[in-house]
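First comes the structure, then the notes that go with it.
What you see below is based on every heavy atom in this structure, not just the backbone, and it leaves out hydrogens, waters and symmetry mates. Bear in mind the structure is a predicted one, so any value in this text is a computation, not a measurement. Proteins get letters first, then strands, A, B, ... in listed order; numbering begins at 1 in each.
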There are 2 protein chains.
Amino acid sequence: MPQIAKLIGGKWKLIVLQILIFHGTHRFNELRRKIEGITQAMLTNQLRALEEDGLISRKVYAEVPPRVEYSATQKAMDLNEMFEAMHRWWVTYEG
Amino acid sequence: MPQIAKLIGGKWKLIVLQILIFHGTHRFNELRRKIEGITQAMLTNQLRALEEDGLISRKVYAEVPPRVEYSATQKAMDLNEMFEAMHRWWVTYEG
DNA sequence: GTATATAGTATGGTTTTTAATACTATTGTG
DNA sequence: CACAATAGTATTAAAAACCATACTATATAC
């Protein structure tokens, strides 16, 4: 698993994935509000990258104002075990 | 677990940890040979960072030529579940 | 005396990430 | 008409990560 760091690495991807995996579908600005410190450009960026890697899916509604919803794909959902292990570890050592 | 990415992130840390956790203590140049593409400077770097975060320990032997051994600490060892989950996922989707 | 091996440090440069800011389109409301 | 809300894009700049290369010390082998 040499390149897993690319899928998951960086400052924001884990946070985005965690939200979408454990708390379901979110709109762009909902994510923005939940992830403090992230800029709009960065969020767009990370979402695009995650989409390219097949970890999230993007659904655009033809409404005004526009609505775009992001969800975790099955591929991302299957990361939940990893997240849970990570979380247990985190609680033990840094929580 | 917001900052876990810092402990684990980057291009090399996961690889270094995986080697030390699952294959035991290694000397500097043993690691260097196992991790293709890494430079000496980068390896030193990553090892220092991991040491600072308490994930690896460093033992220097007063010999010539010098010998320095790196091992995973218990804290790092406890990441094995995360690694295993990660590995299963990797095999499913990218293997 | 020369070469070799180990585990580094130092320096400079490139590439990638991240950030800040301004800008767009659309339509319903007052 | 002005304004607000959403989900972006574009541009520029700054910071961080990464890489290549050269250099060090030391004892032993030849």
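B/Tyr61 and B/Leu31 sit in two unconnected hydrophobic clusters of ILVMFWY residues. Membership requires side-chain heavy atoms under 4.5 Å apart, directly or through other members. A/Val60 and A/Leu50 fall within the same hydrophobic cluster, where Ile, Leu, Val, Met, Phe, Trp and Tyr residues are linked whenever their side-chain heavy atoms come under 4.5 Å apart, directly or through other members. Linking Ile, Leu, Val, Met, Phe, Trp and Tyr whenever their side-chain heavy atoms come within less than 4.5 Å puts A/Trp90 and A/Phe22 in one cluster.
Between A/Ser71 and A/Thr25 the shortest heavy-atom distance is OG-OG1, 3.0 Å. When all heavy atoms are compared, the tightest approach of B/Ile21 to B/Ala72 is CG1-CB, 3.9 Å.
Atom CZ in A/Arg32 sits about 11 Å away from atom P in D/dG8, given to the nearest Å. In this structure, B/Tyr61 atom OH and C/dG8 atom P are separated by 13 Å, rounded to whole Å. When the C1' atom of C/dG8 is taken as reference, atom NZ of B/Lys59 falls 20 Å away, rounded to whole Å. Between the CD atom of B/Glu63 and the P atom of D/dT28 there is a distance of 11 Å, rounded to whole Å. The separation between A/Leu47 atom CG and D/dT9 atom P is 10 Å, rounded to whole Å. Taking atom CZ of A/Arg48 as the reference point, atom P of D/dA7 lies 12 Å away to the nearest angstrom.
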Given protein heavy atoms under 4.0 Å, the one-letter contact record of nucleotides 15-21 of chain C, with B base, S sugar-phosphate only and - none, is simply ---BSB-
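Looking only at distances, no side-chain donor or acceptor of A/Lys34 sits under 3.5 Å from a matching main-chain atom of A/His26.
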Polar-atom pairs under 3.5 Å, protein N or O versus N or O of nucleotides 2-6 of chain C: list them with distances, or write none.
unit_1, atom_1, unit_2, atom_2, d
C/dT6, O3', B/Arg27, NH2, 3.1
C/dT6, O3', B/Pro66, O, 2.9

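Remark: B/Glu63 CD is packed, more than 12 non-hydrogen atoms of other residues, nucleotides or ligands lying under 6.0 Å away.
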May I have the list of side-chain donor-acceptor pairs in residues 81-89 of chain A shorter than 3.5 Å, sequence neighbours left out?
unit_1, atom_1, unit_2, atom_2, d
A/Glu81, OE1, B/Arg88, NH2, 2.7
A/Arg88, NH2, B/Glu81, OE1, 2.7
A/Trp89, NE1, B/Lys75, O, 2.8

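The shortest distance between the side-chain N/O atoms of B/Arg58 and the OP1/OP2 oxygens of C/dA7 is not below 4.0 Å.
A/Tyr70 pairs in a side-chain hydrogen bond (donor to acceptor under 3.5 Å, both in side chains) with only one of the listed residues (A/Lys59, A/Arg27, A/Arg58), which is A/Arg58.
If you check every strand for non-hydrogen atoms under 4.0 Å, A/Tyr70 touches sugar and phosphate atoms only.
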